[in-house]
Number of protein chains: 2
Amino acid sequence: MNNQHKNEQEEQLSLKLFIVLTRALESIKRRVEEDIKCLGLNPTEFAVLELIYSKGDQPIQKIGQKVLIASSSITYVVDKLEKKNLLKRKPCPKDRRITYATITEEGTKFMDDVFPKHKQAIKEIFAGLDVNEKKVMIQQLKKLGYYAESL
Amino acid sequence: MNNQHKNEQEEQLSLKLFIVLTRALESIKRRVEEDIKCLGLNPTEFAVLELIYSKGDQPIQKIGQKVLIASSSITYVVDKLEKKNLLKRKPCPKDRRITYATITEEGTKFMDDVFPKHKQAIKEIFAGLDVNEKKVMIQQLKKLGYYAESL
DNA sequence: TATAATTGTCTCGAATTCGAGATAATAAAA
DNA sequence: TTTTATTATCTCGAATTCGAGACAATTATA
């Protein structure tokens, strides 16, 4: 195979992989969203709540870094969770610029009930691959992600 | 390993895969978006334009099916592309409910210039994996996607 | 043929996300 | 210590996407 064909093949394969990747994640996200929506939350709200549920109080700023949303969006999401009484804001006594998001008792109860079911649902959604295939895919996706990030 | 541990391992792995998948695609999308944004288009606009560039005139309705966006969103996107003189609407003479989106001469010129570069950029973004790894990943992602879709 | 169901496009309002910039607090530098 | 730079959060307006429903045209059914 000459160089030009090789290049074209690489292009085709990459384009194909991009589409398949996008589509697969769309299908998966749709299922995950179904699982979450009936709890009255959207995926972002759930992700933020879960972060605080499992990692404890977080400065609002940190939340955005971990869940990968802009700071102005976190304000919005935390507002919504606060209105639902799942989180509350708590000022930091040492640094008055900082506001922590803290889970409420109601929020904890909610997650105690819901999170195990959520993990189970994710497991079912990903049951198209076996344990080993998942491990391989995780590795490959990391490679791909790191590389793209490094550009 | 007993059943409970097995179940937990499956849950952990699936959760992990979900996160890695989401993150990897985020990194990739960011790069692809950079490539497209400087053309004055967003990814949806580019996808719609590309569809019509490579597959010819499409009823507006079909576009949504292929690019996976809601019908109300296509109207919006086609409006934008029309304002940029890259597409135009053309009524179907046989079925007056249907409106085709047609690429303009300017749109064709634009894509002739831009599409090869775009493919090249995608290739570079995906250069973290070799040809064979890509093929394997495409297969596995299809399995995963089909399975999630079938639920 | 008249009626009902379906199809294709669009309008509208809501939800979500972003970026730019405002504000206040803290940290660093002169 | 004053000045400057950085940090954390929030406000605001814009962009994008969606779903519900309007409307017209077509197709299927009685």
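Lettering of chains follows the sequences in order, A, B, ..., and the numbering in each one begins at 1.
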For [X] and [N], what is the distance between atoms [atom1] and [atom2] respectively, to the nearest whole Å?
X       : N      : atom1 : atom2 : answer
A:Ile63 : D:dC10 : CD1   : P     : 10 Å
B:Arg89 : C:dT9  : CZ    : P     : 9 Å
A:Lys94 : D:dA8  : NZ    : P     : 16 Å
B:Ile60 : D:dC23 : CD1   : P     : 20 Å
A:Lys62 : D:dA8  : NZ    : C1'   : 11 Å
A:Gln58 : D:dT9  : CD    : C1'   : 16 Å
A:Lys37 : C:dA15 : NZ    : P     : 12 Å
A:Ile98 : C:dT26 : CD1   : P     : 9 Å

Requested in this report: Could you check B:Leu21, B:Leu25, B:Val20, B:Ile19 and say which one makes a side-chain contact (heavy atoms from CB on, under 4.5 Å) with B:Arg23?
Outcome: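 Only one option passes, and that is B:Ile19.
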
Query - A:Glu33 vs A:Arg30, salt bridge (Lys or Arg N to Asp or Glu O under 4.0 Å): CA-CA, chis, key distance, verdict - result: CA-CA 5 Å; A:Glu33 214 162 317; A:Arg30 215 174 304 138; over 6 Å; no

Query raised in the report: Is a side-chain N or O of B:Thr104 found less than 3.5 angstrom from the main chain of B:Asn85, in a donor-acceptor match?
Result: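 Yes; at least one donor-acceptor contact below 3.5 Å.
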
Which donor-acceptor pairs under 3.5 Å do the side chains of residues 136-143 of chain A make with protein atoms, sequence neighbours left out?
residue	atom	partner	partner atom	Å
A:Lys143	NZ	B:Glu133	OE1	3.4
A:Lys143	NZ	B:Glu133	OE2	2.5

Query - nucleotides 16-25 of chain C: protein proximity per nucleotide (B base, S sugar-phosphate only, - neither; heavy atom, under 4.0 Å) - result: BBBBB----B

Query raised in the report: Who pairs with B:Tyr53 by side-chain hydrogen bond (donor to acceptor under 3.5 Å, both in side chains), at least two apart in sequence or on another chain?
Result: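 Partners of B:Tyr53 by the side-chain hydrogen bond (donor to acceptor under 3.5 Å, both in side chains) criterion, ordered by chain and then number, come out as B:Asp112.
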
Query - side-chain hydrogen bond (donor to acceptor under 3.5 Å, both in side chains) partner of A:Arg89, the single match among A:Asp79, A:Thr102, A:Thr99 - result: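 It is A:Asp79; the other options fail the test.
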
